[in-house]
Structure formats: structure tokens, C-alpha cells
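Within every chain, numbering begins at 1; the chains are lettered A, B, ... in the order of the sequence lines, protein sequences first and strands thereafter.
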Amino acid sequence: MLLLQTLRDEKERVLAGLAKRQVADAAELVERAIALDDQRKAQQTANEQLLSERNKLSKEIGGLMKSGRHEEGQALRDKVNAMKEELAVGEETLKTVKADLENLLLQLPNVPHELVPAGVNEEDNEVFQAYPGELPQMPEDAKPHWELAEEYGIFDLELGVRTTGSGFPVFTGQGARLARGLVNFFLDRNTAAGYTEYQPPLLVNEDTARATGQLPDKEGQMYHVTGDDLYLIPTAEVPLTNLYRGALLDAEDFPIKLTGYTPCFRREAGSYGAHVRGLNRVHQFDKVEIVQLAHPDNSYALLEEMVAHVGGLLDELGLPFRILRLCGGDLGFTSAMTFDFEVWSAAQQRWLEVSSVSNFETFQSNRLKLRYRGERGNDLAHTLNGSALALPRIIAALLENNQTAEGIILPEVLHPYLGRTRLERV
RNA sequence: GGAGGAAUGGCAGAGUGGUUUAAUGCACCGGUCUUGAAAACCGACGUACCGAGAGGUACCGGGGGUUCGAAUCCCUCUUCCUCCGCCA
């Protein structure tokens, strides 16, 4: 959530940024927010004057009653009673204005960083780091991963349909082992890089989902457990970042680095078509997430560090990838800058997104009330996160790119995790 | 799921209607003393909002109520503890 202070002090930058996102009525929304905040201040000041008066008189009444001057006390009592109506109305008004302001602010997405390119959709994303050299070519008869999955017994979509519905793959045999191995590999690399491992809850409450920005913006994308009013997490970002909700840190605590493996649940409402076959888009998938809480002065250096870390993982897996810097139109609601990692799927002849690394600046920490003791008083921290990594498309790319007549060759780093060097047909 | 108890500052812990601007202790920070440290002593020591400032307001788990006035009384929710039941 954007700060009122930012809207007031940096209106030009905010409007220019929101224009990059194609927010049509940005100027009007910002003006309305400022007007509502003016109204809030005026009302609050008026209310507090009344309260101050009341407190003063109440004290006097106490003194009068104690010293036995009941008549004078009663007179003051009547006076305070007369103020009650005005106070009640004032408090009701303040409540309404605050709620209106809050609702308005919830509608405003984050302001993109200056370096974020303008653009309408994914076609306008900037290729930040192209794949160096020629993309690997596959023979004509190269198979997509959903065919390989059957041949190698990696996962079964039909079994998932029976137990749950479409989009819930069941990993089987060496496929399940591959998934587990990848999770362990990622966690080991992340913890070696200084991230502390957590196993967070997979269900979160409404406050938690709102603090990282999933609510109200993405309500329809999360599974909602209505019986207990909880949400299945769409990413470990939600519980991990919320571990520090309401925290007041010291500047020297930064950076705080967290990692965690969780299944992720996404309704993916409205998705369909040829590009969602196999593991390309599913409702439940495994992901290892990295999160950083940072001092505002160096959060972009840490974003670079995270990008380098994720790139290192893909290098180790031997997967060809490129890095995109998302344009304003493709940027997530809460993000100020996002890099997407895409691996090349040789058999499908297309790029698959496997990681998204973002700096949210103070957008989440404002909702989280995540602060640190700064040089100029308490200030909001910056939050960042990224996938390191999401499994399904990594598995798809590994299967497709490494298929040979002798089986699917596993990258060397995975050998100890799977206890074998290649996957065999079943 | 049932019964009972509890929730106060970083921590411990007083406070059951009005000088509570929350006692006291510990911790932390600054200072005096000391070659240095410890001890002792002195001082400072929460958060948010409004205000140019002086200052004001709110906050004792959350929400609501009673009252001129609520940490304190009432209702409600949440969480934790003890016991019982169930259970991977």
C-alpha cells in the first residue's frame, strides 16, 4: 500500500509510474486520496480537541466530588454530557473517512521503479539478460514433457483428476524422487547462501493475505477455506514475509534472509488453452522461495544479488535461460521491479517462466507494519522475494532438454540427490 | 469438543473506578567514579497519529458497552496455560 506521504510529496513520480502501468484514472484516485486524508486530519483534530476538553473536565469532577462539592460536580457532569452527541458524531465521521481512504489506497498498485520500461503486456518486457549463444536444437521427434512423463513414469494427471480434479498432478516413482531431490537441492543452495530455512503454515488468515497484497487484489486466485475462513497459500512469500508482520527491527539486523519450501495453490481462474498442457500450469505445485527484508538504501543491490543467485541455480542445472525485466503493464500489483526467469523448453520451442524476483520497496511493509529504527526515526523496511525455484516447469525443461535414446540425463548436481545419473523408461 | 485459569512496556511483575503523565525490579543506552572493567550512584528509557511549535490524542490481547471519567466493571471474540476427551 502506498503511503499518503508519498502521494503528497512525490505526486509527479507516482503519476508517471502509474501511467506506466496503464492505470487510467490515477490522477483522480490520487487527488481523492489526498482530499480524504485532509478530511481525516481535520476531523481527527476536532475530535481530539473535544476529548481533551472532556478529559480536563472529568478530572475536575473527580476533584470536586472528593472534596464534597457535589453540586458543582453535577453541573460539570451535565456539561460533559452535552458534549457526548458531538463526540459520537465526530467519531463516526472519522471512522467512515478512514475506511473510505483505506479502500481507496488498497486499489492503488505500487509505483514502478524508474528503470521499469513502459509497456502494455508481456510482449513489451525488456530482455535484461539474453541467453548467450545459440539455443539448443532438438531432433524432430523430441517429445514434450507430458509424453515423456508417461514414458518415464514421472507424473500422472489422470490420477490427480480422480482424487481432486484437473491441474493436480500426482508425481510417481522416480518423478516423486526428482521433485524431492530438486526441493532439497534448492534448499541446500539457499541456506548455503545465508537464507534461514522455515517450514511455514500452508493456510493463512485474512490479515496475513492482505499484508503481502494477495487481498483484496487476488481474492479470486486463492483457494478459500470457508469453514474456517482461511486461505491456501499461493506462494510461500505470504507466510514467510508475514513472520515479520508488526516487527520493529534494528538497522543492523538487515538483511534478513528467509527460505522455505511449500506447496503452492492457485485457482488459475480463466486460464485455458494449449499452453497449459502438462505441468505448464497447474493448481498445486512445489516451490522453494527466498525472501529478504532489507534496509531501503541497499534493497536494489540485494535484488541483484537474488537475481544472481537464481541464475546460479539454473546454471548448475544446465538449463538455458534468459532474464526479463517486466514492463509496467506486466508488473504485479505489489511490485516496484520484477525480473522473470525463463528457461528454454527445446521440445515445446518456447520459454517457460520458472522464477519471479521482485522488490516491493515499502508497499508490503506498509501493510505489514514492518519497520526498523533508522537514522531519522522509525522507517518502513523494504521487502523482496523470488522463486528459487518453482518446480513444475523446471521438471518440464529437464525432461525435454535432456531426453536421449539412453534416457533422461540428470545434471551432475542432482546425482547425489537422486542416487542415479539418469532417469530410465518404465 | 468439555471444564477451569490467564493475557499489563524488551523481560519479570504491581495496580480492581479519579494526582496512573502505569509502581517496582531486570535488561538496554548516556554520565559520574576507575589505569581499564565490575560495583555503586545519577540520568534517560514505548508506539502511532494530529500540530510550525508549545502541546494534544490514542494504545494495558482484539472489538463493543456502562460511566462525567475504565488497565480496573459488563458483553463478546482471539490466543496461551492446566485437566479431560479425541487424534498423526
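- If you measure from atom CD of A:Glu206 to atom P of B:U78, you get 15 Å, rounded to the nearest angstrom.
- One can place CG of A:Asp228 at 16 Å from P of B:C77, the figure rounded to the nearest angstrom.
- Look at the C1' atom in both B:G46 and B:A27: the space between them is 15 Å, to the nearest Å.
- Between A:Asn55 atom CG and B:A58 atom P there is a gap of 5 Å when expressed in whole angstrom units.
- Between A:Glu31 and A:Lys11 there is a salt bridge, since at least one side-chain N of the basic residue sits less than 4.0 Å from a carboxylate O of the acidic one.
- Side-chain contact annotation: A:Tyr261 with A:Asp286, donor-acceptor N/O pair under 3.5 Å present.
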Base-contact (B) and sugar-phosphate-only (S) positions in nucleotides 48-54 of chain B, heavy-atom cut-off under 4.0 Å, - elsewhere: SBSS---
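- Only the C1' atoms considered, B:U16 is 16 Å distant from B:G69, to the nearest whole Å.
- Side-chain atoms of A:Asn55 and A:Ser52 include no donor-acceptor pair closer than 3.5 Å.
- Protein atom CD of A:Gln43 is 16 Å distant from nucleotide atom P of B:A58, rounded to whole Å.
- The interatomic distance linking A:Arg54 (CZ) with B:G18 (C1') rounds to 13 Å, in whole Å.
- The nearest heavy atom of RNA chain B to A:Gly62 and to A:Lys56 marks one nucleotide each, and the one closer to the 5' end goes with A:Gly62.
- In this structure, a donor-acceptor pair under 3.5 Å is absent between the side chains of A:Thr93 and A:Gln43.
- For the residue pair A:Ser335 / A:Thr338, a side-chain donor-acceptor distance below 3.5 Å is found, with atom types taken as modelled.
- The C1' atoms of B:G30 and B:U67 are separated by 44 Å, rounded to the nearest whole Å.
- Using modelled atom types and a 3.5 Å distance limit, the side chains of A:Tyr300 and A:Glu361 yield a donor-acceptor pair.
- Put simply, NZ on A:Lys84 is 11 Å from C1' on B:G65, counting in whole angstrom units.
- Using modelled atom types and a 3.5 Å distance limit, the side chains of A:Asn280 and A:Arg277 yield no donor-acceptor pair.
- Mapping A:Ser58 and A:Gln49 onto RNA chain B via the closest heavy atom, the residue that lands nearer the 5' end is A:Ser58.
- Checking A:Gln49 against A:Gln44 by side-chain atom types alone, no donor-acceptor pair falls below 3.5 Å.
- The C1' atoms of B:A88 and B:G2 are separated by 22 Å, rounded to the nearest whole Å.
- Here, B:G25 and B:A44 have their P atoms 14 Å apart, quoted to the whole Å.
- B:G13 and B:C68: their C1' atoms are spaced 32 Å apart (whole Å).
- Taking atom P on both B:G15 and B:U20, the two are 15 Å apart, rounded to the nearest angstrom.
- Using P as the reference atom, B:G51 and B:U66 are 31 Å apart when rounded to the nearest Å.
- Within 6.0 Å of CD in A:Glu53 there are more than 12 heavy atoms belonging to other residues, nucleotides or ligands.
- Nucleotide B:U19 holds its C1' atom 15 Å from the CG atom of A:Leu64, rounded to whole Å.
- The separation between A:Ile61 atom CD1 and B:G17 atom C1' is 14 Å, rounded to whole Å.
- Within a 6.0 Å radius of CD in A:Glu150, other residues, nucleotides and ligands contribute 12 heavy atoms or fewer.
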Watson-Crick or G-U pairs under 3.5 Å in RNA chain B, rendered as dot-bracket with [ ] for crossing pairs and | for another strand: ((((((((.[[[..)..(.....]]]..((((.......))))..(((((....))))).[[[[[..)....]]]]])))))))....
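- In this structure, the nucleotide among B:C68, B:G56, B:G64 sitting nearest to the side chain of A:Ser52 is B:G56.
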